[in-house]
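These notes are about the structure you will find just below.
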Amino acid sequence: MRSALLALVLCLSSFPAVAQPEVFFGSGNDVPNIKEEDFDRRFLRTGVYRALVQGTNDPNCAQLLGGLLTLLGETAPLLHKRDENFYLDPLLVQALGTQLSTPRFQANAYLVAMVRRVLIDRRLSPNWFQTASALGPVVLTIDVGKLRFISEGLQPIDSFFLTLPALRERYEIEVRRANATTARSAEKMFRENYLDRQVAFGGLELIDLDIEQPKKKKPAKKRKGEPVVEEEPEEPTAVAKLVWYPTAADEGEINPFGTPKKRPTVNITARLAPQQYLDLSRIPKGTQLMVRGRFWGFKKAVDEVELRDGLIFQDRNWAQGNVLADPNAVARCPFAVNELMGGAPVQSGAFGQPGR
């Protein structure tokens, strides 16, 4: 397997300070051009793949499948056009290695195979989605909405590297610190490089969500004899107001009078797409969310951001608990064996080893 496939988490800190937009966005293809390889064909012959297609009645295997589908759902909104790498929360990477993996089962390889299958097929298999929907009420960590999103067709963002912190850092370097030779055009170049990109911003707090009615247009003046053309009325639009805090609450400085300084914020206005994968009426204020959409505009030093055609997803804080499966249950699942990698350590029932 290529080393790139093992990079489940790629850090922004690996970029040099003078990184250019192409470092974020790559070649600009609509979808990574991934060709089916022997690794992908071997996956189609594994017990995990058959269980994803057919489901399972084994409670131990249900935990394993539920955990893998949970991880697939969490990376789904962040699949991007730049390359075949994908992002997974570091805490979930840890859970992948400690809860879903055993000495005879390398869960990370199976997750990579699942993501590659979605990228190759350009969508999540309907059978996989049906399995996830059936397991959802049992395995409460599965975000069925995120899986439904990719089951309707792959819609990658431009780059999961373009986070709010990265965007603000680029503005600081490319605009505020531009030298005299480029200072006059720096703001314009920044807008040309970064606006109108498909982005996903996580760790946002919902301030409010409302339905915005379209503004009434004044009827256009008609000349005598011109046919009357009736314009279709615009539909109401859901608008989400969100906030992102660049620093944690306990990092605020205290002044001599004992009053904490005002916490810096970035305000995000997202005009939402008509179809959503969460019930907007059931999202309380203060919920932590992720929003995907087209980066439409900004004010000041990227302190105010506007997105269009936004999609709202849950953005769970995995630091509060990331129990995906009981490793003992995974070990008891009959198909939790290294069929994919073509080798396994010496153990009871391993490849070429008699059971003991």
Side-chain angles (χ1 to χ4, degrees), residues 1 5 8 34 36-76 79 86 88 92-93 95-152 154 322-345 347-351 353 355:
M1 194 187 324
L5 298 179
L8 301 183
I34 298 182
E36 190 174 60
E37 299 178 358
D38 183 59
F39 172 78
D40 305 299
R41 289 186 283 272
R42 285 202 306 271
F43 176 59
L44 301 179
R45 298 192 294 270
T46 64
V48 170
Y49 177 81
R50 288 191 294 272
L52 286 168
V53 173
Q54 302 170 4
T56 181
N57 293 321
D58 187 316
N60 298 310
C61 296
Q63 287 195 41
L64 171 59
L65 286 184
L68 290 172
L69 287 166
T70 295
L71 300 180
L72 181 62
E74 292 308 301
T75 197
L79 295 175
F86 59 97
L88 190 61
L92 292 179
V93 175
L96 176 65
T98 58
Q99 299 176 27
L100 297 179
S101 297
T102 68
R104 65 172 189 157
F105 182 73
Q106 299 176 9
N108 63 328
Y110 282 85
L111 178 61
V112 169
M114 290 169 66
V115 174
R116 282 182 58 85
R117 192 74 256 163
V118 171
L119 295 175
I120 291 169
D121 295 343
R122 303 292 195 267
R123 62 180 296 185
L124 178 75
S125 162
N127 292 326
W128 291 21
F129 179 71
Q130 186 175 359
T131 298
S133 300
L135 290 174
V138 179
V139 183
L140 301 179
T141 56
I142 298 177
D143 192 324
V144 177
K146 291 176 181 176
L147 294 174
R148 183 186 297 277
F149 167 66
I150 56 173
S151 74
E152 296 178 357
L154 194 60
N322 55 339
V323 178
L324 301 181
D326 178 357
N328 294 317
V330 173
R332 291 192 292 268
C333 177
F335 53 74
V337 292
N338 284 331
E339 299 174 283
L340 181 58
M341 303 309 295
Q347 61 190 346
S348 176
F351 293 110
Q353 298 295 324

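These numbers come from the heavy atoms of this one structure, side chains and all, not from hydrogens, waters or symmetry mates. In this chain, residues are counted from 1 in sequence order. Source: prediction; values computed, not measured.
Residues satisfying the side chain to side chain contact (heavy atoms under 4.5 Å, CB included) test with A113, not counting sequence neighbours, are F39, F43, L340. With sequence neighbours left out, D121 forms a salt bridge (Lys or Arg N to Asp or Glu O under 4.0 Å) with R117. Remark: P59 engages no residue in a side chain to side chain contact (heavy atoms under 4.5 Å, CB included) (not counting sequence neighbours). By the side chain to side chain contact (heavy atoms under 4.5 Å, CB included) test, N57 is found to be paired with no residue, residues two or more places apart in sequence or in another chain being considered. When the side chain to side chain contact (heavy atoms under 4.5 Å, CB included) test is applied to A336, the partners found at least two apart in sequence or on another chain are L64, F105, V330, C333. Residues that satisfy the ring-ring contact (aromatic ring centres under 6.0 Å, His included) test with F149, not counting sequence neighbours, are Y277, F313. Every residue two or more places apart in sequence or in another chain that forms a salt bridge (Lys or Arg N to Asp or Glu O under 4.0 Å) with D40 is listed here: R116.
Interatomic distance, CD of E339 versus OH of Y49, reported as 14.0 Å (0.5 Å rounding). Rounding to the nearest 0.5 angstrom, the gap separating the CZ atom in R122 from the CD1 atom in I150 is 13.5 Å.
Considering every non-hydrogen atom in both N60 and A329, the closest pair reads CB-O, 3.2 Å. Across every non-hydrogen atom of C61 and T56, the tightest pair is CB-OG1, 3.7 Å. L96 approaches A107 most closely through the heavy-atom pair CD1-CB, 3.7 Å. Residues P103 and N338 share a closest heavy-atom pair of O-ND2, 4.2 Å.
Between F86 and L119 there is no side-chain heavy-atom pair separated by less than 4.5 Å. Side chains of L88 and L111 form a contact here, defined as non-hydrogen atoms less than 4.5 Å apart. Taking 4.5 Å as the limit, some side-chain heavy atom of E36 sits within range of a side-chain heavy atom of R41. Taking 4.5 Å as the limit, some side-chain heavy atom of L71 sits within range of a side-chain heavy atom of L100. At a threshold of 4.5 Å between non-hydrogen side-chain atoms, the residues S151 and P126 do not count as touching. Side chains of V118 and R123 form no contact here, defined as non-hydrogen atoms less than 4.5 Å apart. Using a 4.5 Å heavy-atom cutoff, the side chains of M114 and L52 are in contact.
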Worksheet item: L65 and F335: side-chain contact (heavy atoms from CB on, under 4.5 Å), yes or no, with the steps?
Response: CA-CA 11 Å; L65 286 184; F335 53 74; 4.3 Å; yes
Item to complete: Could you check L154 against L124 for side-chain contact (heavy atoms from CB on, under 4.5 Å), going step by step and ending with a plain yes or no?
Response: CA-CA 8 Å; L154 194 60; L124 178 75; over 6 Å; no
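Distance alone, capped at 3.5 Å, is enough to place a donor-acceptor pair between the Q99 side chain and the L324 backbone. In this structure a side-chain-to-backbone donor-acceptor pair under 3.5 Å is missing from S101 to Q106.
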Table please: side-chain donor-acceptor pairs of residues 141-148 below 3.5 Å, with sequence neighbours left out.
residue: T141; atom: OG1; partner: T70; partner atom: OG1; Å: 2.8
residue: D143; atom: OD1; partner: G145; partner atom: N; Å: 3.2
residue: D143; atom: OD1; partner: K146; partner atom: N; Å: 3.2
residue: K146; atom: NZ; partner: E74; partner atom: OE1; Å: 3.1
residue: K146; atom: NZ; partner: E74; partner atom: OE2; Å: 3.3
residue: K146; atom: NZ; partner: Q314; partner atom: O; Å: 2.9

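Screening residues 125-135 for side chain to side chain donor-acceptor pair (under 3.5 Å) gives no qualifying pairs among residues at least two apart or on separate chains. Sorted by first and then second residue, the disulfide (SG to SG under 2.5 Å) pairs with a member in residues 108-148 form an empty list; sequence neighbours excluded.
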